[in-house]
Amino acid sequence: MADLFAVAHAMEADAVAYYTRVAADLRAQGSDTLARLFERLATIESGHVDLITTWSAEAGGTPPAQTPLPWPVPGMFDAPAEEVGQSRLMTPYRALAAAVRQEERSFAFWTYVAATAPRDDVRAAAERMAHEELDHVALLRRERRTAFHRARGPGPASLRTLRVGDLAARERTLADLLDAADAGDRRLGALAAEARANAARLDRAGETELQLALEGEADARDPVAAAEVLVEAYLTTADLAADAALVATAQSLAATAITRLAALRAATPPGTRDGPAADG
């Protein structure tokens, strides 16, 4: 448990330092609006640091900042802070997209810890960490969606009426894309099987209709883009659905979809941009 809290504390503290450095560089450039956004992200992550310290104290452990790390913490960011802070191409959308990816990677990390931990107390704590990260992913995605529509300018949001069955069809389409890209990669084959299992689960959930405003449409041939749209759809469904059973199903599928997206990004060479026009 001491190791778990030490790693969690170090990961969140790294995020605080990262966002603080980016904010300082942006403010030095005169980009005050973006600087305030990164300062807000740093404040959110600082709250996570305090929360982990409190959890550790409740568990009767030593302060996590004073506990030696069992191994170096995993890197969660795509680019060094100085590169982001000095970029002239940075926008609120890109900033929030980077924060979303960081939270998704943290979620995937804690999900892995929960799945492999040999002790019940460590497993329960890792599941709690993962749940917190899932909440952060949902929050930042909502903020990113707002930035996406602002970047597009005035006009109505792209609303689609989706049935739960439509999401099942998207899972099956993703499974077919993964089968086509398999080339002997067992990981992709396992993800295809998981997608079909998700579709069967959605089939049992009924035919509820929801109005979902998604950020963009996936490239029909790109499994990573298709997986990203499903993450967005599940998180939005969990926010909007009135039926408690559907909310629980959507939250569970969102967790699976985020882990899947992290695995696909790791297995697929990057080939798309982060701007609104390329976002899925």
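Note that these values count all heavy atoms, side chains included, but never hydrogens, waters or copies made by symmetry.
The nearest pair of heavy atoms linking Leu34 to Leu26 is CB-CD1, 3.8 Å. For the pair Ile52 and Phe5, the tightest heavy-atom approach, listed with the atom from each and the gap, is CG2-O, 3.8 Å. When all heavy atoms are compared, the tightest approach of Pro118 to Arg123 is C-NH2, 4.2 Å. Across all non-hydrogen atoms, the minimal contact from Thr237 to Leu167 is OG1-CD1, 4.1 Å. Of all the heavy atoms in Leu69 and Ala10, the pair that sits closest is CD2-CB, 3.8 Å. Pairing each heavy atom of Ala130 with each of Thr111, the nearest pair is CB-OG1, 4.0 Å.
With sequence neighbours excluded, the residues that form a ring-ring contact (aromatic ring centres under 6.0 Å, His included) with Tyr18 are Phe77. With sequence neighbours excluded, the residues satisfying salt bridge (Lys or Arg N to Asp or Glu O under 4.0 Å) with Asp203 are Arg172.
Linking ILVMFWY side-chain heavy atoms closer than 4.5 Å, directly or via other members, places Val16 and Trp110 in two distinct hydrophobic clusters. Side-chain heavy atoms closer than 4.5 Å link hydrophobic residues (I, L, V, M, F, W, Y) into clusters, and following such links, possibly through other members, connects Leu51 to Phe109. Transitive grouping of hydrophobic side chains (ILVMFWY, heavy atoms separated by less than 4.5 Å) brings Leu253 and Leu134 into a common cluster. Linking ILVMFWY residues whenever their side-chain heavy atoms come closer than 4.5 Å, directly or via other members, leaves Val49 and Val22 in distinct clusters. The hydrophobic clustering, which links ILVMFWY residues whose side-chain heavy atoms are closer than 4.5 Å, places Val7 and Met1 together.
Looking at Glu133 and Glu104, their side chains never come closer than 4.5 Å, going by heavy atoms from C-beta outward. Residues Glu39 and Arg36 form a side-chain contact, since some pair of their non-hydrogen atoms from C-beta on lies under 4.5 Å apart. With contacts defined as side-chain heavy-atom distances shorter than 4.5 Å, the pair Leu4/Met129 qualifies. Looking at Asp176 and Arg196, their side chains come closer than 4.5 Å, going by heavy atoms from C-beta outward. Looking only at side-chain heavy atoms (C-beta outward), Met11 and His48 stay at 4.5 Å or farther from each other. At least one side-chain heavy atom of Glu132 sits under 4.5 Å from a side-chain heavy atom of Trp55. Considering only heavy atoms from C-beta on, Thr20 stays 4.5 Å or farther from Phe38 through its side chain.
Salt bridge annotation for Glu103-Arg141: absent, with no cationic side-chain nitrogen under 4.0 angstrom from a carboxylate oxygen. Residues Arg101 and Glu228 are not paired through a salt bridge, judged by the lack of any N-O separation under 4.0 Å between the basic side chain and the carboxylate. The pair Arg21-Asp25 meets the salt-bridge criterion, since a charged nitrogen lies less than 4.0 angstrom from a carboxylate oxygen.
Between Thr173 atom OG1 and Asp166 atom CG the span is 10.5 Å, to the nearest 0.5 Å. The line from CG of Leu41 to CG of Leu37 is 5.0 Å long, rounded to the nearest 0.5 Å. Atoms CZ and CG, on Phe107 and Leu261 in that order, are 11.0 Å from each other to the nearest 0.5 Å. Distance check, rounded to the nearest 0.5 Å: CG of Leu264 to OG1 of Thr259 gives 11.0 Å. Considering CG of Leu230 and OG1 of Thr256, their distance stands at 11.5 Å, rounded to 0.5 Å. With values rounded to the nearest 0.5 angstrom, Asp179 atom CG is found 9.5 Å from Leu174 atom CG.
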Apply the test salt bridge (Lys or Arg N to Asp or Glu O under 4.0 Å) to residues Arg40 and Glu143: give CA-CA distance (whole Å), side-chain angles for both, the deciding distance (0.1 Å), then the verdict.
-> CA-CA 12 Å; Arg40 181 185 171 204; Glu143 294 283 346; 3.3 Å; yes

Which is it for Glu171 and Arg260 under the salt bridge (Lys or Arg N to Asp or Glu O under 4.0 Å) test, yes or no, and what are the steps along the way?
-> CA-CA 12 Å; Glu171 286 282 359; Arg260 173 176 64 195; 2.7 Å; yes

Decide yes or no on side-chain hydrogen bond (donor to acceptor under 3.5 Å, both in side chains) for Arg201 and Ser252, but give the supporting numbers first.
-> CA-CA 11 Å; Arg201 186 175 176 186; Ser252 175; 3.0 Å; yes

Given Asp243 and Val247, is the side-chain contact (heavy atoms from CB on, under 4.5 Å) satisfied, shown in steps?
-> CA-CA 6 Å; Asp243 180 72; Val247 170; over 6 Å; no

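A donor-acceptor pair under 3.5 Å links the side-chain atoms of Thr54 to the main chain of Asp50, judged by distance alone. Listed for the Ser46 side chain is no donor-acceptor partner under 3.5 Å among the backbone atoms of Ala42.
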